[in-house]
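Numbers restart at 1 for each chain; the letters A, B, ... are given by sequence-line order, proteins then strands.
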Amino acid sequence: MTVECAPLDNVVRPGETNGPSGIALTDRRFVGQVNLRVRGSGLTAAGHALGYALPMAANTTAGDATSRACWLGPDEWLIVCDDGKQAELIQQLSAALAIDPNAVTDVTDARAVLRIAGACARPVLAKGCTLDLHPRVFGADRVAQSLIARAQVMILPIEGGGYDLFVARSFAGYLWDWLLDAGAEYGIRVEG
Amino acid sequence: MRRYSFVQLLRNAVGLGDGWQQAWRSPEPKSSYDVVIVGGGGHGLATAYYLAKNHGVRNIAVLEKGWLGGGNTGRNTTVVRSNYLWDESAAIYEHSLKLWEGLTRDLNYNLMFSQRGLVMLAHTEHELNEASRRVHANRLNGIDAEIWSREQTLAFIPILNGSKDIRYPVIGSSIQKRAGIARHDAVAWGFARAADALGVDIIQNCEVTAIRRDGSRVVGLDTTRGAIDARKVGLVAAGHSSVLAGLAGFRLPIESHPLQAMVSEPIKPVLDTVVMSGTVHAYVSQSDKGELVMGAGIDAFNSYAQRGSLPILEEIASAMIELFPIVSRLKVLRSWGGIVDICPDASPIIGKTPVDGLYINCGWGTGGFKATPGSGWVLADTIANDRPHPLAAPFSLNRFSSGRLIDEHGAAAVAH
Amino acid sequence: MSQDFRLAQGGRIDREKPLRFLFDGHAYEGFAGDTLASAMLANGIHLVSRSFKYHRPRGIYGLGVEEPNALVETGIGAGIEPNARATTVELADGLIANSQNRWPSLRFDLGAVADLASPLLSAGFYYKTFMSPAGGWKIYEWLIRRAAGVGHAPELPDPDRYEHSYAHADVLVVGAGPAGLAAALAAGRAGARVMLVDDQVEPGGQLLNTPYAINGRPAPEWVAEATAELDRLPDVRRLARTLALGVYDHGYVACVERAIPVSQGRVRWRERLWRVRAKEIVVATGAIERAIIFDGNDRPGTMLASAARAYAVRYGVAAGQRAVVFANNDDAYRTALDLANAGVEVAAVVDLRHDLSGALPGMARERGLRVLAGHGIVGGRGRTRIKAVEAAPVDDPSNRQVIECDLLAVSGGWNPALHLYAHAGGKAAYDSGLAAFVPGAPAERMTIAGAAAGRFQLADCLADGARLGAEAARRAGFSAGPALVLDAPEPEPDSRIGPVASPSRGGKRFVDLHNDVTEADLRLAVTEGYRSVEHAKRYTTWGMGPDQGKTGNILGLNVLSDALGQPVPQVGTTTFRPPYHPVSFGALAGRETGDLVVPTRKTPMDSWHAEAGALFEPVGQWRRAKAYPKPGESLHAAADREVRAAREGVGLFDASTLGKIDMSGPGAETLIERVYCNNFASLKPGHARYGLMLGEDGMVKDDGVTARLGPDHFHMTTTTGGAAGVYVWIEDWLQTEWLDLEVFLTSVTEQWAVATLSGPKARQVLGPLTDVDLSAAAFPFMSFREGRVAGMPARIFRVSFSGDLSYEINVPARHGLALWQALMESGRPHGITPYGTEALHILRAEKGYIVVGHETDGTITPADLGMEAMVSKKKDFLGRRSLVRSGMSGPGRKHLVGLMTKDPARVLPMGAQILERPSEARPVPMIGHVTSSYHSPTMKRGIAMALVKNGRARMGDTVYLPLLDGPTVAAEVVKPVFYDPEGARRDG
Amino acid sequence: MLLIPCPYCGERAEGEFRYGGEAHFRRPDNHLEATDEAWADYLFMRKNPKGWHRERWMHLAGCRRWFYVVRHTITHKIATAYKVGDAHPDLPA
Ligand SMILES: Cc1cc2nc3c(=O)[nH]c(=O)nc-3n(C[C@H](O)[C@H](O)[C@H](O)COP(=O)(O)OP(=O)(O)OC[C@H]3O[C@@H](n4cnc5c(N)ncnc54)[C@H](O)[C@@H]3O)c2cc1C
Ligand SMILES: NC(=O)c1ccc[n+]([C@@H]2O[C@H](COP(=O)([O-])OP(=O)(O)OC[C@H]3O[C@@H](n4cnc5c(N)ncnc54)[C@H](O)[C@@H]3O)[C@@H](O)[C@H]2O)c1
Ligand SMILES: Cc1cc2nc3c(=O)[nH]c(=O)nc-3n(C[C@H](O)[C@H](O)[C@H](O)COP(=O)(O)O)c2cc1C
Ligand SMILES: [Zn+2]
């Protein structure tokens, strides 16, 4: 088996910190991601394959223990799962959608996933993201695509406060640097 | 017209003069004119001036809906240059630059035309290649232009960030030494004063609300100050061209966008030339009063509001600091916006319209201040002779159906 | 070190915390809570600056952002800030301040000769002179520039940090005076998310500056309670030292927060730009006092009455020991009383009005103050500090009396601070009672409370705030909370305000202190026909200085009104523009400078390139390896070596940056047929084809290879720079025009890492690593296979941009680096050489392949490029209609050709222009230009591609290229394919 | 920075969008037979009104849908936004 290289493997230094550690920053290295495009009758079929109905409301998610579907657009979802599980998901979805127009695309490697956790995660993101992440507006079942500084991201809240940030692989280094820089005010700690 | 001179100034200072007179009259509009120019910006006033001066037309009015020069003439960043890529553009801008060189004395009004040079920075190989293409073309068009090395560039602009370890290090530049800046307001006022002296009626607070036609011919205008008959009409209304064309019943390939500029607080001289950067995206000069005068790009959306949005100003500021780290602690004093009329090929439209006797000059977008005298000159000639001046011919409206566009997006990469 | 002018008691400064500071090298002391200005005044410093044009001595004039005079330089070295307002600089221990715009010293400034020459330097004088000799302007300008300007820019880069933050508010309240506090409380009690910003260190606004009472207790007590309550509300954010700079569309407000100054070490950040998106904005920015026009109204020691009073009440500083108050309104009497109460001797109140029947003048008289009704100030004495004023009856200006004083407190009434309202599109209306502009029709999402609305009674301010705060919360969706009960009785001022100008005896009467604009200047402008308020402004520069006319605008309008014989509202106003108060470049830029200015996109193999010592170049946001020079090797030599390797042996190139779009669905074929001008219907699964994309204008837009993965499934590649644009564009057509097509696009640019192996030995390198049959028969040119490479899942495309045998190997990005390493390893015996973009360009130029953006510039058609054969005659595609416009064909169009210089060693410069025959004439007709040019290691000579008018008809002709450095070079027009024209090698 | 109401995602900052200019201008039917003038009209002529404007936006950093907005070009007020295929709402008075 060859060595797999996550986008930030050369960047992340666990234990690195730039102040009293209020925020934890982690590189999740690989997160299974399947881009699903489907409409009409395929929606139900996709729901069957996943074991739960696709979230139809904009900017919401649905899921179970194995995967979570994030609304990306009126006919588009990102199905997030553990790395390694995506092939199976793709197979199931493709099989279920055989007769419906669809696109099921493995995009696991297209994005890095950075996790920022801690009470100050929100003010850090607020330095570069125009979204209102106030818990009243952006609750646990929400997801949003937006920009953080100059990087496009998908923001997924995590349990216990904090966010998973999905960012195009080539921007990962930029976003990582940006987060470290923005978090310096509160102190940020890189976790392994 | 009483001539301005140092002696006059001195006499008035010591009380020997007989006082200053008004620079132009404010006459009531007459009921009819040979030529009416709509738009009292630099281009409109220059058109009127050259119609009177070069073509002997006497019965001319310039109608301005607000105050003279209150459009883009009064809110631009005053960059004057002629180093455009295509022959057609080079010819008209160079014609204009030559006029600039004698304009202060011609108008007897100090336009503070300052040929301090203009440096277009190159930060990438591609940019340098594009610059090379332009400079080669400029030279063969008789326009002074040079390619400068990184070292020459840095030596000429001491406050420029010379580090090689930045995102977009300066790798070279092109310079036009005869380029520079001028005092924007003075251009409107100087042309107005000189045109007025030749009998042109300059009528402010007079908005054109309708264009009257008899068949395919223009016969007059309705304005907020009454109806005015006209044998010929020139529309020179920059940001509002589409609106006026609409009144005359034809369409233009133009979109109006906000373009912003800003000035810093006045500081002692730090920058002796004009600097533009396409990649880092800003351009700047320092006015004689000491402010840094800056701009960059348009807001993407159509707008007739003379204001733009904050991100543009933030981008200018960050570009400025990238280029000139010492500006970081200086302060921005004021920002403002104008409405620019953008053509699909970033070149202007000058010439006849589908309506007989109606001529148009528009689409100068983000860069027409520099063309003020040249554009006035060729439009005056076009109106007087009812055929396109040779320098104007390539810029006709029908180039859009023929497909013979004059694509100056490259030369206008950063709006100015 | 003594603070001789510090009052024995009072003020909100902390007398326990002395702070030292330097002004012009002299050491002084102030207290925590001081501004630089209050500390200077406490030390009796009244001469602080020189004016812009005439270099007149100037002192502290105001209290805050309205300050027109007291501009100083603070800090040293890299920490210098020019043009800092002494009135807004918080005192910190060790603060260093210096005066500006004077030479050799503040007290003795040679520039002051300008003052003597002032009759020559009237408004706009420079437009009338300096015109001869022709060309003389260069010298005049040099002199003028050196005389102009105010402070000096720092000479070193800024060491400080600037933050940006976005914030969201249901209700944003600007100003924490009584109106703002009440508004924030009312909105906060309703449960709204409130943001309250105020530029002062402490909340309270005017309540700190004058002894008001609320609910029967000193107002500051209420301020403290209100603040405490706000701080307890969970959804209220209160920001001190935060100035709202500008209001933009849809409730977007920019505010800048200053850090708390520290004595030692660095602040964590110096300023933070808050970009607030507010559903509702309550503007409670108060009012700014204005001056009065009179002869010599700029002497140090002259200041706004409200400032003199605040220095006494808030800072415990006597701005003078013997004061004269000059008034045209009742509020000035509060100043007189407050000064007297603070222990300053009030020599007289000079009031332009005759009839002083209001309560406040009455109180002053009762207090025993001398009140000169119907009098104006007509002159004064003192050069660097006022010594006396001359007062005279308005009706008899020559009947002067001299009143000695060292402080002249001037109150010309108040101007509501309407700047933010104007930014939001509000149109002010003139209130002749206040002689001021007040808000007119409402602006979007905005209400205006308190003094900013022209409501100057404290009770009204509080009531306004409470009402508008609750209403704003309601509009934002919250129902009202507990009501605020606030009671603030105070004597009613007389609403009749007097004139803003005093009679003149011919002295200098300033309407704009900073820019030294006088009443006479404005009158001259009108005489000369600059009658529009905008012309008058620009001709005289009135209101264009660093203070933007905050104290002088109304004065000027009154002058214009008089000169034009028009009422003030008819004269109009100039436009308030952001920022409300100057803001640093640093704050606007935030962290978007230096390393973070623009993202640097990196490929999965980037770390390898970096370790290999690659020379990178920016391509859009990407960084790409340009070449891999060995130690001591030049870029050229490296590129040469890399090209040779890729031609003769094998090279490896990182092509990961190419745009990649996955297209699938039953309509995919039709879609591709429409977006490329060449045929794709005949493309079989497993095969790939080069596609050319045109804009609707018929011009070449992008190109790339597209492979058919399955009947309804394609993998499209685009240029690196075109990736985003092409994606958006195709989606546009799909989503808005071709709704009948069932196709899904998914961008997979980042999913795949791409390594291109090229050269005759490519097969030998790849062979051992893969299970795919690489034989030419099994895997021909322009086909693609899926398989494994070094154990990784891969898509291999047999395409070539170099003209030699070549495989583009795509693997999921996580494997990119491993793939690269495996190929390097496998290639080692064959001398595999990584090559960069420079070599790539040479390789493709040798083959005459175009690069969009080099051979095209948005004006080039397929026919121009010699690709008309590709263009389908049968199908419809985007841009097709445009190709048959009259200007798009026929003679005169430029064609892509090759150029070979007569001298093979000569490499033409990129962009060189082409002449039919050598000529010295200028302008001279050009027939084209060089689009790409390199030394070709393969051909061992210079080669170039060019676009030349009618180029294809000129094959074999000689053309001429005049170069910048002198020579005119001759070159032969040839076909634009220099290497392997038959294409045998790529098919090998 | 405008606040653009994406009909799918809700109000978002302008920075997430790409602007597409005038909405609903039509490619001439039978465009291959269209006159040069009609074609130039389609390619280049734009309404550019001073007032209410129907325009195209794409939510690039969001749902990636193109949609339409009715916006006033002087006040920048947005009256409404609608999806492709929706009935065109009337322009406000
Ligand atoms: C911020 C900014 C920076 C710029 N920087 C540069 C630069 O550095 N260099 C450069 O060369 N160019 C620059 N430009 C472009 C330049 O300002 C313009 O191209 C040029 O000034 C146009 O001149 P004009 O006389 O045609 O238009 P304007 O000065 O706009 O005059 C048109 C006039 O028509 C009037 N009008 C409109 N409608 C009517 C009506 N119905 N009735 C009567 N009158 C009407 C308007 O009120 C206006 O006064 C800049 C523009 C802006 C906005
Ligand atoms: N009697 C008079 O003639 C007269 C005239 C004017 C004011 N007043 C008194 O002044 C008080 C007015 O109360 P108010 O609450 O309306 O105003 P205020 O002046 O008390 O408070 C306004 C606050 O807003 C701040 N501010 C202004 N512009 C700002 C900006 N752009 N960003 C951030 N902060 C900004 C100011 O620094 C100040 O702290 C009342 O007590 C009133 O009686 C009296
Ligand atoms: C070259 C140039 C220099 C300027 N310098 C200043 C200046 O020093 N101070 C100032 O207040 N405004 C300055 N302005 C801006 C004008 O005050 C004004 O904002 C601009 O002409 C647009 O008009 P408006 O803001 O009234 O709409 C300058 C404008 C230009 C074009
Ligand atoms: Zn959306």
Cut-off 4.5 Å, heavy atoms of chain B, and the answer for C:Leu120 is both

C:Leu961 portion near chain B, given a 4.5 angstrom heavy-atom threshold = neither

Heavy-atom proximity to chain C below 4.5 Å, by part of B:Asp87 | side chain

Is it the side chain or the backbone of B:Ser401 that comes within 4.5 Å of chain C heavy atoms, both, or neither?
-> backbone

Sort C:Lys53 into side chain, backbone, both or neither according to what part of it lies under 4.5 angstrom from a heavy atom of chain B.
-> neither

Could you tell me the separation between the CD atom of B:Glu125 and the CE atom of C:Met910, rounded to the nearest 0.5 Å?
-> 7.0 Å

Checking C:Arg146 side chain against B:Pro269 main chain: does a donor-acceptor pair fall under 3.5 Å?
-> no

With respect to C:Phe585, which candidate in B:Arg329, B:Glu314, B:Met262 satisfies the side chain to side chain contact (heavy atoms under 4.5 Å, CB included) definition?
-> B:Met262

Segment of C:His929 engaging chain B (4.5 angstrom heavy-atom cut-off) = side chain

Check each atom of C:Leu71 against the heavy atoms of chain B and say whether the ones under 4.5 Å are side chain, backbone, both or neither.
-> neither

Okay, B:Phe324 and chain C: the region with an atom under 4.5 Å from a heavy atom over there is neither

Structural part of C:Thr931 lying under 4.5 Å from a heavy atom of chain B | neither

Quick one: of B:Ile147, B:Asn108, B:Ile159, who has the most non-hydrogen atom pairs under 4.5 Å with chain C?
-> B:Asn108

Answer with side chain, backbone, both or neither: which region of C:Ala117 has an atom nearer than 4.5 Å to a non-hydrogen atom of chain B?
-> neither

Measure distances from C:Arg270 to the heavy atoms of chain B and classify the residue's part below 4.5 Å as side chain, backbone, both or neither.
-> side chain

Contacting region of C:Ser532 [heavy-atom separation from chain B under 4.5 Å] | side chain

Among the options B:Ser328, B:Ala13, B:Pro325, B:Ala317, pick out the one with the most heavy-atom pairs lying under 4.5 Å from chain C.
-> B:Ser328

Could you check if a side-chain atom of B:Leu405 sits within less than 4.5 angstrom of a side-chain atom of C:Met699, using non-hydrogen atoms only?
-> no

Could you grab the distance from atom OH of C:Tyr127 to atom CZ of B:Arg193, nearest 0.5 Å is fine?
-> 13.0 Å

Applying a strict 4.5 Å limit to non-hydrogen atoms, the region of B:Leu68 in contact with chain C is both

Report yes if the side chains of B:Lys331 and C:His581 come closer than 4.5 Å at any heavy-atom pair, otherwise no.
-> no

From the list B:Trp189, B:Trp24, B:Tyr168, B:Trp336, the residue making the most non-hydrogen contacts under 4.5 Å with chain C is B:Trp189

Under a 4.5 Å heavy-atom cut-off, does chain B meet the side chain of C:Ala525, its backbone, both or neither?
-> neither

Where does C:Thr575 contact chain B at under 4.5 Å (heavy atoms): side chain, backbone, both or neither?
-> both

Do side-chain atoms of B:Gln21 reach the backbone of C:Glu528 as a donor and acceptor pair under 3.5 angstrom?
-> no

Among the options B:Ser402, B:Gly403, B:Gly308, pick out the one with the most heavy-atom pairs lying under 4.5 Å from chain C.
-> B:Ser402

Answer key: most heavy-atom pairs under 4.5 Å with chain C among B:Arg334, B:Glu322, B:Arg404 is B:Arg334

What is the distance from atom CD1 of B:Ile181 to atom CD of C:Glu141, rounded to the nearest 0.5 Å?
-> 6.5 Å

Answer yes when C:Glu592 and B:Arg167 have at least one side-chain N-carboxylate O distance shorter than 4.0 Å, and no when they do not.
-> no

Per-residue contact mode, C:Tyr530 against chain B (heavy atom under 4.5 angstrom) | side chain

With the side chain counted from C-beta on, respond yes when C:Trp137 and B:Thr104 share a heavy-atom pair under 4.5 Å apart, and no when they do not.
-> no

Please state whether the side chain, the backbone, both or neither of B:Gln115 comes within less than 4.5 Å of a heavy atom of chain C.
-> both

Under 4.5 Å to a heavy atom of chain B? For C:Thr593 that would be both

Do the non-hydrogen side-chain atoms of B:Gln22 and C:Thr527 ever get within less than 4.5 Å of each other?
-> no

Honestly, the part of C:Leu121 sitting under 4.5 Å from a heavy atom of chain B is neither

